[in-house]
Undergrad: 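First, the structure itself, so that you have it in front of you.
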Amino acid sequence: MVVGIQTAMPVEMDAMTSRGNSSFIEENGGASFYHLADGVVGCVGGVGKVNAALSADLLCRRYGVELILNIGVAGCLTDLPTGSLVIASELVQHDVDTTAVGDPLGLVSTVNRTEFPAWKPDHCLEVLRGLGFEAVKGRVATGDWFAVKGERADRIQKHFHPLLVEMEACAIAQVCLRNHTKFIALKSVSDHIFSDSQPEEYFDFKQALAHLGEVAVPLAQALADDRLLWNERQDPFPMGLDDFMRNEG
């Protein structure tokens, strides 16, 4: 079982690579790939939905991952403390708008859905607790917009009712859906959208990254060995991470 951990920013990957015996694999399509642990490959895919989608597709097709764990910092629309861990219960894309032709707000064409699934969030919460970490679950809204206090944030909150807002997760979920790959998002609260101190919170997000750096690789390893996940395996991809590493070496 190969699990991919995908981040948007190098600093999010640094929180993991600084803690263990990781190694750089390659740069491909503008994304950087790392060997983080046995059966765990990391990817810094870039900020925004297109970057995230391209990199997720590489994880699925080039590395043969069977689950992508997207980690990163996110803005919170409630009062969860900075550094709180959140497992996505489901995901939406708040910036998709074809309502002019009669579609619901957030409807993504081709897959024709407004809500994207995450793999067994309650089970993932239990796995986290078994590792000694507490988290909550909630809806995550994705869009190509750095969320700040204002009318747009008000509209997103009123229509989609998310707990968190960020810029990549649902794009990765869409790629995973089309590639028959399981998807999980684990986010850490870095700022509070409706707080006057939100910009200052974000630009000092050491606390938000601390938990992610501690838990991401152990969670990925636990999921790679998870009997429930193994029982739901799809047909194997032609090349897994270990075979890829041997061939590249």
Side-chain angles (χ1 to χ4, degrees), residues 4 6-8 29-31 45-61 65 67-80 86-122 124 136-187 189-195 198 202 232 234:
Q6 183 170 345
T7 73
V47 174
K49 288 165 59 178
V50 174
N51 286 328
L54 286 169
S55 302
D57 200 56
L58 282 169
L59 279 172
C60 292
R61 296 175 183 270
V65 303
L67 180 146
I68 292 181
L69 168 61
N70 172 225
I71 73 158
V73 297
C76 184
L77 280 79
T78 65
D79 57 355
L80 284 178
V86 178
I87 287 281
S89 52
E90 66 276 333
L91 305 101
V92 297
Q93 296 185 38
H94 66 73
D95 60 346
V96 176
D97 186 351
T98 53
T99 55
V101 296
D103 293 334
L105 184 63
L107 181 76
V108 178
S109 63
T110 307
V111 290
N112 295 318
R113 60 169 63 223
T114 58
E115 186 176 291
F116 288 78
W119 182 75
K120 299 191 181 302
D122 288 321
C124 292
V136 299
K137 67 176 181 177
R139 173 174 287 197
V140 174
T142 298
D144 282 324
W145 174 60
F146 186 95
V148 294
K149 184 178 180 179
E151 291 183 6
R152 186 171 181 177
D154 288 335
R155 290 196 301 271
I156 292 169
Q157 184 183 48
K158 289 174 182 176
H159 186 86
F160 294 103
H161 309 291
L163 178 59
L164 301 179
V165 178
E166 49 79 84
M167 299 180 67
E168 294 85 25
C170 195
I172 303 170
Q174 181 178 342
V175 170
C176 286
L177 183 71
R178 296 190 65 172
N179 278 293
H180 306 289
T181 302
K182 294 177 177 60
F183 174 76
I184 299 169
L186 175 65
K187 299 292 179 175
V189 173
S190 62
D191 57 288
H192 298 82
I193 305 303
F194 296 111
S195 168
Q198 185 237 2
Y202 175 78
E232 295 183 1
Q234 304 288 334

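Since the structure is predicted, the reported quantities are computational estimates derived from the model, not experimental observations. For the single chain, residues carry numbers from 1 onward in sequence order.
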Undergrad: Heavy atoms, side chains only, cut-off 4.5 Å: are P162 and V92 in contact?
TA: no

Undergrad: Step by step, would you call W145 with D95 a side-chain contact (heavy atoms from CB on, under 4.5 Å)?
TA: CA-CA 8 Å; W145 174 60; D95 60 346; over 6 Å; no

Undergrad: Could you report the tightest heavy-atom contact between N112 and L107, atom names first, then the distance?
TA: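 Result for this residue pair: C-CD1, 3.6 Å.
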
Undergrad: Can you name the closest pair of heavy atoms from P104 and T99 and give their distance?
TA: C-CG2, 4.1 Å

Undergrad: If the test is side-chain contact (heavy atoms from CB on, under 4.5 Å), which one of N70, V73, L91, V47 qualifies with E166?
TA: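 Running side-chain contact (heavy atoms from CB on, under 4.5 Å) over N70, V73, L91, V47 with E166 returns exactly one hit, N70.
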
Undergrad: Restricting to non-hydrogen atoms, name the atom on V140 and the atom on A169 that form the minimum distance, rounded to 0.1 Å.
TA: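 Taking V140 first and A169 second, the nearest heavy atoms are CG1-CB, 4.3 Å.
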
Undergrad: How close do I87 and C124 get, counting heavy atoms only, and between which atoms?
TA: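 Nearest pair, atom of I87 first, then C124: CD1-CB, 4.1 Å.
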
Undergrad: Checking Q6 side chain against A52 main chain: does a donor-acceptor pair fall under 3.5 Å?
TA: yes

Undergrad: State which residue, out of H159, Q157, R152, fulfils the side-chain contact (heavy atoms from CB on, under 4.5 Å) condition with H94.
TA: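 Output: one option passes, namely R152.
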
Undergrad: Tell me if a side-chain donor or acceptor on S89 pairs with a main-chain N or O of R139 at a distance below 3.5 Å.
TA: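 It does hold such a pair.
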
Undergrad: Take V175 and I68, measure what side-chain contact (heavy atoms from CB on, under 4.5 Å) needs, and give me the verdict at the end.
TA: CA-CA 10 Å; V175 170; I68 292 181; 5.9 Å; no

Undergrad: Looking at D79, I want to see if its CG is surrounded by more than 12 non-hydrogen atoms of other residues, nucleotides or ligands under 6.0 Å.
TA: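 No.
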
Undergrad: Looking only at heavy atoms, which two atoms of A171 and T142 are closest? And how far apart?
TA: N-CG2, 4.3 Å

Undergrad: Find the distance between CZ (F160) and OG1 (T114) and round it off to the nearest 0.5 Å.
TA: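 Answer rounded to 0.5 Å: 7.5 Å.
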
Undergrad: Could you tell me the separation between the OH atom of Y202 and the OG atom of S195, rounded to the nearest 0.5 Å?
TA: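 Rounded to the nearest 0.5 Å, the OH-OG separation comes to 16.0 Å.
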
Undergrad: Does a donor on one side chain sit under 3.5 Å from an acceptor on the other, for K49 and Q174?
TA: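 No, because no side-chain N or O of K49 sits under 3.5 Å from a partner of the opposite role on Q174.
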
Undergrad: If we ignore hydrogens and angles and just use 3.5 Å, is the side chain of Q93 paired with the main-chain N or O of F116 as donor and acceptor?
TA: no

Undergrad: Rounded at 0.5 Å granularity, tell me how far CG in L54 sits from CG in L59.
TA: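 Answer for the CG-CG pair, L54 versus L59, is 11.5 Å.
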
Undergrad: Minimum heavy-atom separation for G4 and V65, please, with both atom names.
TA: N-CG1, 3.8 Å

Undergrad: Take K120 and K182 through the test side-chain contact (heavy atoms from CB on, under 4.5 Å) and record every step on the way to the result.
TA: CA-CA 9 Å; K120 299 191 181 302; K182 294 177 177 60; over 6 Å; no

Undergrad: Looking at CD1 of I156 and CG of L77, how far apart are the two atoms once the value is rounded to the nearest 0.5 Å?
TA: 7.5 Å

Undergrad: Quick one: pull up CG in D191 and CD1 in I193 and give me the separation to the nearest 0.5 Å.
TA: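 Atom-to-atom, D191:CG and I193:CD1 are 5.0 Å apart.
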
Undergrad: What's the spacing between S190 OG and Q198 CD if we round to 0.5 Å?
TA: 8.0 Å

